[in-house]
Number of protein chains: 2
Amino acid sequence: MHDVALVAGVSVKTVSNVINGYPHIRPGTKQRVEEAIDQLGYRVNITARSLRQGRTGMIGLAVPELSLPYFAELAETIIRVAEETGTLVLIEQTNANRAREIEALGSRMRHLTDGLIFSPLALGQEDVDLFAVDFPLVLLGERVFGGPADHVTMDNVAAARAATEHLIARGRRRIAVIGAHPGERVGTAALRVRGYRDAMAAAGIPVDERLVAEAGAWHRSTGDAAMTALLDLGVEIDAVFGLNDAVALGAMHALRLRGLRVPEDVAVIGFDDIEEAAYSAPTLTSVAPGLEQIARTAVAYLRERIDGTAPDAARQMVTDFSIVTRQSTGA
Amino acid sequence: MHDVALVAGVSVKTVSNVINGYPHIRPGTKQRVEEAIDQLGYRVNITARSLRQGRTGMIGLAVPELSLPYFAELAETIIRVAEETGTLVLIEQTNANRAREIEALGSRMRHLTDGLIFSPLALGQEDVDLFAVDFPLVLLGERVFGGPADHVTMDNVAAARAATEHLIARGRRRIAVIGAHPGERVGTAALRVRGYRDAMAAAGIPVDERLVAEAGAWHRSTGDAAMTALLDLGVEIDAVFGLNDAVALGAMHALRLRGLRVPEDVAVIGFDDIEEAAYSAPTLTSVAPGLEQIARTAVAYLRERIDGTAPDAARQMVTDFSIVTRQSTGA
DNA sequence: TTGTAAGCGTTATCAT
DNA sequence: ATGATAACGCTTACAA
């Protein structure tokens with residue numbers, strides 16, 4: 001910058017003014033500076049600017065793992081949306097590990113990012129105080145409610161209820177749930193199971209507790225295993241509600257191995273509407289969470305916190321959902 | 001840091017020494033400093049350190065899009081591996097767009113990262129000069145060979161040949177290829193098609209050019225479309241080689257719609273061995289590229305360039321591959 | 001409209 | 001073994 005000033009015959013301050021679009025500059029001066037910048041191939045040093053301004057222009061995104069399609073799609077969307085305001089995204093993978101999630105709230109990425117979008121999977125309601133941090137924070141998901149940070153979530157109970165009603169409307173009554181977390185009060189699993197129970201109760205169908213199957217981590221493999229265990233029980237099943245698409249896809253895999261047809265013998269619905277759902281065999285009906293809306297809201301909330309234009313009180317945004325009907329439930 | 005020095009009764013330099021593990025410090029001094037750090041909750045300001053050292057401890061990763069499973073898994077692995085040496089990863093999505101890929105080589109991320117791992121999809125051999133940059137760069141993939149930067153690639157010709165031989169060994173002769181890029185000389189598609197032709201020639205099977213189907217972007221949707229077009233031609237087909245797993249999965253989807261059974265009527269093999277391949281219906285045989293090795297090599301190469309311990313000449317590493325046999329070819 | 005000077009929080013140099 | 005001081009490259013008061 002010093003060199004540019006020298007070449008243009010101005011001071012560094014004027015160079016800085018030109019770079020930052022300060023309006024009151026004589027056109028001739030501006031042009032000379034810009035020529036000097038081109039001539040020298042000068043680029044501002046973001047690190048120095050960050051140090052001076054106390055901001056880096058980066059935000060953090062803490063997710064369990066990018067190899068989980070939902071989080072890959074979430075990251076893709078957040079990076080794309082953040083870029084619209086010139087914000088870069090630093091991704092941290094927590095592996096849904098408690099210690100790593102706690103670390104994400106105070107790690108090295110702090111002081112390097114202006115704020116954090118955090119999707120916890122191990123921390124829960126009992127850890128709510130950990131989210132009272134002194135930097136801009138937006139929480140995603142359903143592990144924590146009423147916490148001290150902005151929160152973007154969806155109405156999981158209503159969405160799960162709608163998913164279950166979708167199955168009931170197609171004549172299914174022996175509906176299994178895969179992915180429950182027994183003992184959990186809040187949290188995605190608990191809320192979705194509650195929605196399932198609500199729908200069953202409203203339809204007057206008693207819930208066979210054997211059909212509520214646990215699966216800790218929501219992967220294809222755990223869905224596969226849980227479904228297999230369920231089939232081994234020998235209980236009658238005519239539908240499956242996978243608490244996310246991965247377990248639903250794993251469950252379909254297990255059903256296929258047993259020679260059961262989807263949807264003729266067993267209808268299957270998932271949750272997340274990942275891209276894969278549109279290409280699985282059969283294609284998978286799923287609850288679409290509106291990723292774009294989630295991402296836009298989260299980035300906007302965080303931006304407002306960073307800029308200091310947000311209200312003091314923590315906000316909560318409940319995003320929309322819809323059901324995308326595909327072959328696995330008879331489309 | 002100033003405050004810590006004050007509390008510990010030492011100079012800032014000593015605090016810095018303690019933080020950076022400088023060996024010649026009296027144990028008592030060290031302890032006082034550490035206590036002061038704890039007491040004040042002090043954390044070093046990475047931005048200031050970066051400014052002073054001229055390094056940020058971050059590297060860039062430019063990929064087409066995280067919602068493509070292969071690149072999500074690649075990003076997952078690179079982030080994990082980089083973390084082992086305390087390196088953070090800033091991801092940039094180029095959307096396989098030429099302008100954005102060029103920008104990735106000179107964007108704002110420069111000056112903010114110590115180097116770049118770049119997987120180009122639009123730039124090719126004719127752009128080789130663009131890769132002669134003045135910062136540490138490691139290229140991934142097969143778009144460019146003999147360029148001025150370190151390069152991690154696999155032997156695509158051999159791998160594609162092995163994939164084709166896998167099909168031939170199972171008695172298939174009418175083998176379609178999906179995902180060709182006509183007119184391309186180097187580049188992933190061209191190399192894999194060459195491997196296919198080599199295998200066919202070695203087995204004495206003439207190549208029916210109608211079976212070499214184009215698909216520009218390698219998505220499930222384009223694989224689906226290309227397969228459908230191929231079936232519309234009415235040519236006989238008993239196997240499909242999808243040039244990546246996404247097109248192979250899309251092709252399986254199209255086959256299914258036409259009532260063709262995999263593998264009985266048509267065997268299918270893919271490329272990349274993404275996690276989904278193990279759970280598709282049927283499960284998909286695929287060429288596994290050894291992601292961990294690719295990631296480790298790329299990060300190590302970049303690290304050595306950054307540290308100045310790499311040789312002057314550009315290096316090229318050819319990573320291993322293997323074929324994972326699954327149901328789609330009769331496992 | 002432009003320039004001067006201070007300072008962001010570190011680390012490197014050089015003393016001591 | 002530790003300290004004083006000068007940078008790193010930029011932006012922001014404030015002055016002119």
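Just so we're clear, the structure is a prediction, and the values are computed from it rather than from any experiment. When reading the values below, keep in mind they use all heavy atoms of this one structure, side chains included, and skip hydrogens, waters and symmetry mates.
Between the CG atom of A:L51 and the P atom of D:dT12 there is a distance of 12 Å, given to the nearest Å. Rounded to whole Å, atom C1' of D:dG3 lies 16 Å from atom NE2 of B:H24. Rounded to whole Å, atom C1' of D:dC10 lies 16 Å from atom CZ of A:R55. Atom OH in B:Y22 sits roughly 7 Å away from atom P in D:dA1 (whole-Å rounding). Between the CG atom of A:N17 and the P atom of D:dT12 there is a distance of 10 Å, rounded to whole Å. B:R52 has its CZ atom 9 Å from the P atom of D:dG9, to the nearest Å. Distance, A:Q53 CD to D:dG9 P: 17 Å, rounded to whole Å. In this structure, B:R26 atom CZ and D:dG3 atom C1' are separated by 13 Å, rounded to whole Å.
Along DNA chain D, the nucleotide closest to B:P23 and the one closest to B:A48 are compared, and the more 5′ of them pairs with B:P23. The residue among B:V10 and A:N45 whose nearest nucleotide of DNA chain D is located toward the 5' end is B:V10. For the pair B:R49 and A:K30, nearest-nucleotide mapping onto DNA chain C gives the more 5' position to A:K30.
A salt bridge links B:R55 with B:D307: the closest approach of a Lys/Arg side-chain nitrogen to an acidic carboxylate oxygen falls below 4.0 angstrom.
Side-chain proximity of B:T14 to the nucleotides D:dA4, D:dT11, D:dT2 is greatest for D:dT2.
Read 5' to 3', the first and last nucleotides of DNA chain C with an atom closer than 4.0 Å to a heavy atom of chain A are C:dT1 to C:dG9.
The distance from atom OG1 of A:T87 to atom CD1 of A:I306, rounded to the nearest 0.5 Å, is 6.5 Å. Taken to the nearest 0.5 Å, the CD1 atom of A:I117 stands 10.5 Å off from the CG atom of A:L139. Taken from CG in A:L66 to CG in A:L74, the straight-line distance is 9.5 Å, to the nearest 0.5 Å.
Within the 4.5 Å cutoff, the side chain of A:W218 has no heavy atoms near those of the A:L68 side chain.
Among the protein residues, A:V44 comes within range of the sugar-phosphate backbone only, with heavy atoms under 4.0 Å from sugar or phosphate atoms but none that close to a base. Residue contacts for A:T29: at a heavy-atom cut-off of 4.0 Å it reaches the sugar-phosphate backbone alone, with no base atom in range.
In summary, of the residues considered (A:L61, A:T113, A:I59, A:T56), a side chain to side chain contact (heavy atoms under 4.5 Å, CB included) with A:L90 occurs for A:T113 alone.
OP1 and OP2 of D:dC8 both lie 4.0 Å or more from every side-chain N or O belonging to A:T47.
Although no hydrogens or angles enter the test, the distance criterion places no donor-acceptor pair under 3.5 Å between the side chain of A:E76 and the main chain of B:S67.
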